[in-house]
There are 2 protein chains.
Amino acid sequence: MARPRAAETRKRTRIQQEKEDRILDAALDVFSAHGFRGSTIDQIAKAAGMSKPNLLYYFRTKEAIHRLLIGRLLDTWLDPLREMNAGGDPLSEICSYIRRKLEMARDYPREGRLFTNEILRGAPHIQEEMSDLKSLVDEKAKIMRGWMKDGRLARCDPHHLIFSIWATTQHYADFDVQVRAILGPARSGEGRFEDAARYLEKLFLDGLKP
Amino acid sequence: MARPRAAETRKRTRIQQEKEDRILDAALDVFSAHGFRGSTIDQIAKAAGMSKPNLLYYFRTKEAIHRLLIGRLLDTWLDPLREMNAGGDPLSEICSYIRRKLEMARDYPREGRLFTNEILRGAPHIQEEMSDLKSLVDEKAKIMRGWMKDGRLARCDPHHLIFSIWATTQHYADFDVQVRAILGPARSGEGRFEDAARYLEKLFLDGLKP
DNA sequence: TGTAATCTTTACCAATTGATCAAAATTTTC
DNA sequence: GAAAATTTTGATCAATTGGTAAAGATTACA
């Protein structure tokens, strides 16, 4: 190889491990705040505490960083939905799904915004993942329809039910500044997530009771 | 004025009227799809069917276009909430609010995405409007609390109730590609908004019944 | 119809930005 | 401790992009 780059050679060194992690964390900060095109390599490099050429030694292109982040994200983003199983009690399955999604919005807001950014742009980098997503959602929708048939869940469109859970929970990551502006400083502590959880649980429980 | 620019002189001509409208429409297309920094003047000019310098004859800067769009947007975006009045029946007031917001997501998805873009970036251009927003929401929250006290609406946190309506309706504009991908081509017609309306109405009605 | 105002185009500039290269500095390995 | 491998830096490039200048084309109006 003419000009060796990190990770193109034998195995990852200690420095590679460290620096790559720092870069990805910095990039998550910057991408989630400014979007892909709104972010510059310089910004990311600065946030990671290194020079631009140095960063480019670890990742060939800006897109390579973005791709890796998006890929990682999708891997874990759907875990809560996967965990919903037909065997459990419908309403408590849905409640814990809501709780888990809300926890993700609280604990990983950057990832959430990165995802929303990508979707807002028309999901250009995750076309195939979209069809995997459809399969998963269809599968879970089928389970829900089973619950409805058994009279254990209110009859409704399961796809839109899932959308509404995504929307209400993701809102607390994507619209964070708006939520804080409206709740005011006094209620903008971490407690707002507990208030949200309480409210959403009530809404969906009573709204979906058979 | 050394180099006169459109609208800096006496009154708007026919051509100014036409071209400015075309530019704003094109800019809404481009900004809502790519975000502010992701959009170029060239792109907007091309979409508006004119050259870049020609466009810049009508708007001094890219930011001027964006500012105008954002300003216009906020003017109308909150109208549905303003219309919610204490005199009506609580549940039907909330239902028509949901319906109106859903109609906006259907009829003005570009505006919706423009707004989400702005909030995602931390709302840098609409700081003051945010406090106006807070006043409006607080006022409506007060009305809702009155309804709850009278036993005409289920007790819950009215701020989070409003958030949940925003989130579930806006979702159909912002996450449109995802919604379409999951519903599949057969159910991605305009009918999806009616399905959504039916579902949301049921959810909120049963979820908020006293 | 002629003239003043408005509009459009061509050519251009300076700053930013993604990316490269080769050499210097550092770390790892034997 | 020296050689080899890896990491860092500084200089630089080409493309993109926001914006300007000035001359030419068109339109409105008396």
Side-chain angles (χ1 to χ4, degrees), chain A residues 1-24 26-27 29-31 33-70 121 124-125, chain B residues 1-24 26-27 29-31 33-70 121 124-125:
Chain A
M1 218 134 298
R3 175 163 68 114
R5 268 195 169 93
E8 282 183 0
T9 47
R10 291 173 193 91
K11 49 191 161 185
R12 295 179 53 163
T13 67
R14 168 186 63 85
I15 294 182
Q16 271 170 47
Q17 187 77 260
E18 272 177 34
K19 294 287 169 84
E20 283 173 17
D21 284 356
R22 259 167 58 198
I23 291 170
L24 288 172
D29 261 2
V30 177
F31 281 142
H34 306 288
F36 179 75
R37 283 219 43 192
S39 307
T40 71
I41 301 185
D42 257 326
Q43 251 177 313
I44 299 171
K46 198 170 190 176
M50 66 184 73
S51 69
K52 182 166 65 169
N54 197 181
L55 181 151
L56 286 165
Y57 169 72
Y58 292 101
F59 292 92
R60 232 200 267 295
T61 64
K62 180 168 119 175
E63 238 200 283
I65 308 176
H66 191 252
R67 220 187 346 256
L68 209 155
L69 283 175
I70 289 273
R121 301 285 159 267
H125 303 106
Chain B
M1 220 131 296
R3 176 162 68 111
R5 270 194 167 93
E8 283 183 0
T9 49
R10 291 175 195 90
K11 48 191 165 186
R12 296 181 50 165
T13 67
R14 169 186 60 86
I15 295 182
Q16 270 170 48
Q17 188 76 261
E18 272 179 35
K19 294 287 169 84
E20 282 173 17
D21 284 358
R22 259 169 57 197
I23 291 169
L24 287 172
D29 260 3
V30 177
F31 281 142
H34 306 288
F36 179 75
R37 283 218 45 190
S39 306
T40 72
I41 301 183
D42 257 326
Q43 251 177 312
I44 299 170
K46 197 169 192 178
M50 64 185 74
S51 68
K52 180 167 67 168
N54 197 182
L55 181 150
L56 286 166
Y57 170 73
Y58 293 100
F59 292 92
R60 232 201 268 297
T61 64
K62 180 169 120 176
E63 239 200 285
I65 309 175
H66 190 252
R67 221 186 349 254
L68 208 155
L69 284 175
I70 289 272
R121 302 284 161 269
H125 302 106

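Keep in mind that this is a model prediction, so the values were computed, not measured. In the text below, chain A, chain B and the rest are named by the order of the sequence lines, each starting its count at 1.
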Item to complete: Could I get the full list of side-chain contact (heavy atoms from CB on, under 4.5 Å) partners for B:Asp29, not counting sequence neighbours?
Response: B:Arg110
Rounded to the nearest angstrom, tell me the gap between atom [atom1] in [X] and atom [atom2] in [N].
X       : N      : atom1 : atom2 : value
A:Leu56 : D:dC13 : CG    : P     : 18 Å
A:Phe31 : C:dG18 : CZ    : C1'   : 12 Å
A:Phe59 : C:dT17 : CZ    : C1'   : 19 Å
A:Ile23 : D:dT7  : CD1   : C1'   : 12 Å
A:Leu55 : D:dG10 : CG    : P     : 16 Å
B:Tyr58 : D:dG19 : OH    : P     : 18 Å
A:Lys62 : C:dT16 : NZ    : C1'   : 11 Å

Worksheet item: Who passes salt bridge (charged side-chain N to carboxylate O under 4.0 Å, His left out) against A:Asp42, sequence neighbours left out?
Response: A:Lys52
Discussion item. Applying salt bridge (charged side-chain N to carboxylate O under 4.0 Å, His left out), can you list everything that pairs with A:Arg22, at least two apart in sequence or on another chain?
Written reply: none
Below 3.5 Å is the cut-off: list the nitrogen or oxygen pairs between protein and nucleotides 24-28 of chain D, distance only.
{"from": "D:dA28", "atom 1": "OP1", "to": "B:Arg14", "atom 2": "NE", "distance (Å)": "3.3"}
{"from": "D:dA28", "atom 1": "OP1", "to": "B:Arg14", "atom 2": "NH2", "distance (Å)": "3.0"}

Discussion item. Do A:Lys62 and A:Phe31 have side chains that approach each other closer than 4.5 Å (heavy atoms only, starting at C-beta)?
Written reply: yes
Worksheet item: Between A:Ile23 and A:Met50, is any pair of side-chain heavy atoms under 4.5 Å apart?
Response: yes
Practice prompt. Report yes if at least one side-chain N or O of B:Ser51 is closer than 4.0 Å to OP1 or OP2 of C:dT8; otherwise report no.
Written response: no
Worksheet item: Looking for any heavy atom pair under 4.0 Å, which part of the strands does A:Lys19 touch: base, sugar-phosphate only, or nothing?
Response: sugar-phosphate
Given [options], the nucleotide with the shortest approach to the side chain of [X]:
X       : options               : result
B:Pro53 : C:dG18, C:dT9, D:dT8  : C:dT9
B:Tyr57 : D:dG19, C:dT6, C:dG18 : C:dT6
B:Gln16 : C:dA19, C:dT20, C:dT6 : C:dT6
A:Asn54 : D:dT20, D:dT8, C:dA19 : D:dT8

Worksheet entry | Residues within residues 35-45 of chain B bordering DNA chain D, heavy-atom distance below 4.0 Å | B:Ser39, B:Thr40, B:Ile41
Worksheet item: Any donor-acceptor pair under 3.5 Å joining the side chain of B:Lys52 to the base of D:dG18?
Response: yes
Practice prompt. Please state whether the rings of B:His66 and B:His125 are parallel, tilted or perpendicular, taking 30° and 60° as the class boundaries.
Written response: perpendicular
Worksheet item: If you round to the nearest 0.5 Å, how far is CD1 of B:Ile65 from CG of B:Leu56?
Response: 7.0 Å
Worksheet, complete the sentence: The reported gap from NE2 in A:His34 to CZ in B:Phe36 (rounded to nearest 0.5 angstrom) is 13.5 Å
Item to complete: Would you please name every residue forming a side chain to side chain donor-acceptor pair (under 3.5 Å) with B:Glu18, sequence neighbours left out?
Response: none
